[in-house]
Q: 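Take a look at this one; I'll ask things after.
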Protein chains: 2
Amino acid sequence: MTFVTQDAEAKGSLKSETTHLDDLTYEGVAPEELPLFRGLPVPRRTDLMRHAMVHSVSAGTVLFEQGDVPNFQLIVLAGSAQLFGRSAEGREVLIEAVRAPDLVIPAAVLTGAPYLMQARVPEPSRFLLIQAGAFRAAVEVEPLLAHAAIGSLAAQFRRMVRQIKNLKLRSSTERVGCYLLALSKRQGTPDRAVLPFEKTLIASELGITRESFSRALSSLGKSGIRVDGQTIEILDAARVAAACAPDPLIDGTDGEGFAI
Amino acid sequence: MTFVTQDAEAKGSLKSETTHLDDLTYEGVAPEELPLFRGLPVPRRTDLMRHAMVHSVSAGTVLFEQGDVPNFQLIVLAGSAQLFGRSAEGREVLIEAVRAPDLVIPAAVLTGAPYLMQARVPEPSRFLLIQAGAFRAAVEVEPLLAHAAIGSLAAQFRRMVRQIKNLKLRSSTERVGCYLLALSKRQGTPDRAVLPFEKTLIASELGITRESFSRALSSLGKSGIRVDGQTIEILDAARVAAACAPDPLIDGTDGEGFAI
DNA sequence: GGCATGCCTTGATTTGGATCAATGCCGGAT
DNA sequence: ATCCGGCATTGATCCAAATCAAGGCATGCC
């Protein structure tokens, strides 16, 4: 089997490329810069690296399918990965986006259980791949690695809990409004939010259809937002907040307590 | 502050009781029987135990509120805890039930971040409480503890992912049908499922109202189930499955790979 | 017994969001 | 420029599930 497959829809001009650790040109995060490896005893690090490689992949690449048994722990060095859930009938929804630097679903790799989600790459990205067995073994014996894994697992768990609360406790318009407020905060622009990907995708992340997302946006127009393509002007954050009841225990992001 | 508060609704005849480790009468799991501690170097274990106690609590007890900063890592020795999400307006939904033996939201304790959920005890239960700081420190340095924490975190993460897929990809009737099938399988009775708690609570776990849950049950009557109070007879599992499209990547439970 | 109280069911109605369908818009290819 | 395919909006309609409302059926208490 191939551990990374080119998506059928991907344009032919883009290609993925594997690099061994020796002949890297670093962009974004270099593996050695990761706190994960900085603190590692040198022999352990070189041992791990012998079971690792860096892989640059193009937009559209499928990293793995749901149901696959993990062969590698993927670490996002640059770019991001999107995790999708798919139903039997083929409907597909975005569950999470994993941004550099982070581990891609350590929960599956560390338990050796089949992936519950498919991973795709929405933009040219670079990953460190560590063979699953070697990674598990290293985490077993190396407290620093265990610490990093725990931090990543915990943060991802909490994101899932937030999402469940969002889905169960709020209406679709509230979800959209709170999403915009959280986004503008994360981007450091209180009066504006730029959507990170296509509206259809965001809609599926929020558990609604693209049409409902569109309507929610226009209905929030009455509460002080203005839509212009991918950027949303937030004219009256207070009114939006009043309409959507944002809640730090749902919309917040834990500070980067643990860094990978 | 008190780390455990008696629920206002709890009947006065029930009481909670704290026990020091010396004068325990063991029922269910004893702390020393946990694989978690069995393998621990003795000095480490005694050190941990000095920051720990066993607490027996009655039904209705609130273990902590959402927003609280964790003071203890709670470990369910006997019984269970239910985790609730609450909206600003006070609507409350069941997010997960944690059954012995397991850790209660290690994600919050290990990151020191505020709980995203409230924990309540639906039945008389026994918990081991380890002071959060001591627990974190022990996990840092003790690979066996780290391993157990990782196993618990990973399993809990995966349950949340399954739940999100369930909510986003299925209709309410499908969720109910698949819930029953999974339940009967878990209980080892292919032709019957006994609901583990009130229907209202299960409905909130499945993201629907109690009325919709009731209607879903009766509409599944046409697919071969029969409702009798808390027990559901499954007359024709195949027809139910056909109607609800169960999926191991949603309804499955990971085998107990990691034991606490 | 009689009467609350809590939980569940069932029916009537409303409504939020999905679905179906048409059109608009933009960027890329030719 | 023109055509095209993918994405987004908007409108019309439908439908699933929520809400509102009324009883039913236990259980426990006085």
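A, B, ... follow the sequence lines: proteins, then strands. Residue 1 opens every chain.
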Q: In whole angstrom, what separates B:Glu174's CD from D:dA16's C1'?
A: 12 Å

Q: Would the distance check show the side chain of A:Gln187 and the main-chain N or O of A:Val194 forming a donor-acceptor pair, the cut-off being under 3.5 Å?
A: yes

Q: So, are B:Asp102 and B:Arg159 salt-bridged, with charged N and O less than 4.0 Å apart?
A: yes

Q: Side chain to side chain contact (heavy atoms under 4.5 Å, CB included) with A:Glu174: which residues, sequence neighbours excluded?
A: A:Arg170, A:Ser171

Q: For A:Asp228 and D:dA8, give me the distance from atom CG to atom P, rounded to whole Å.
A: 14 Å

Q: Please confirm whether the backbone N or O of A:Leu94 pairs with a side-chain atom of A:Ser204, one donor and one acceptor, at under 3.5 Å?
A: yes

Q: Check each residue of residues 209-218 of chain A for a non-hydrogen atom within less than 4.0 Å of any atom in DNA chain C, then write out the ones that pass by number, or none.
A: A:Thr209, A:Glu211, A:Ser212, A:Arg215

Q: Grab the CZ-P distance between B:Arg170 and D:dA17 for me, whole Å please.
A: 13 Å

Q: Can you tell which of C:dG17, C:dC8, D:dA17 lies closest to the side chain of B:Ser171?
A: D:dA17

Q: B:Gln230 CD to C:dC8 C1': how many Å, rounded?
A: 10 Å

Q: Does A:Ser172 place a side-chain N or O at less than 4.0 Å from the phosphate oxygens OP1/OP2 of C:dG17?
A: yes

Q: One thing to verify: whether A:Arg86 and A:Glu65 come together as a salt bridge, which I'm taking to mean a side-chain N less than 4.0 angstrom from a carboxylate O.
A: yes

Q: Roughly, in whole Å, what's the span from CD in B:Glu198 to P in D:dA26?
A: 18 Å

Q: Does a side-chain N-to-carboxylate-O contact under 4.0 Å join B:Arg162 and B:Asp254?
A: yes

Q: Please report the distance, rounded to the nearest Å, between NZ in A:Lys199 and C1' in D:dT9.
A: 8 Å

Q: Using atom CD1 of B:Ile208 as one end and atom P of D:dT19 as the other, report the distance to the nearest whole Å.
A: 12 Å

Q: In this structure, how many angstroms lie between the C1' atom of D:dA17 and the NZ atom of A:Lys168, rounded?
A: 16 Å

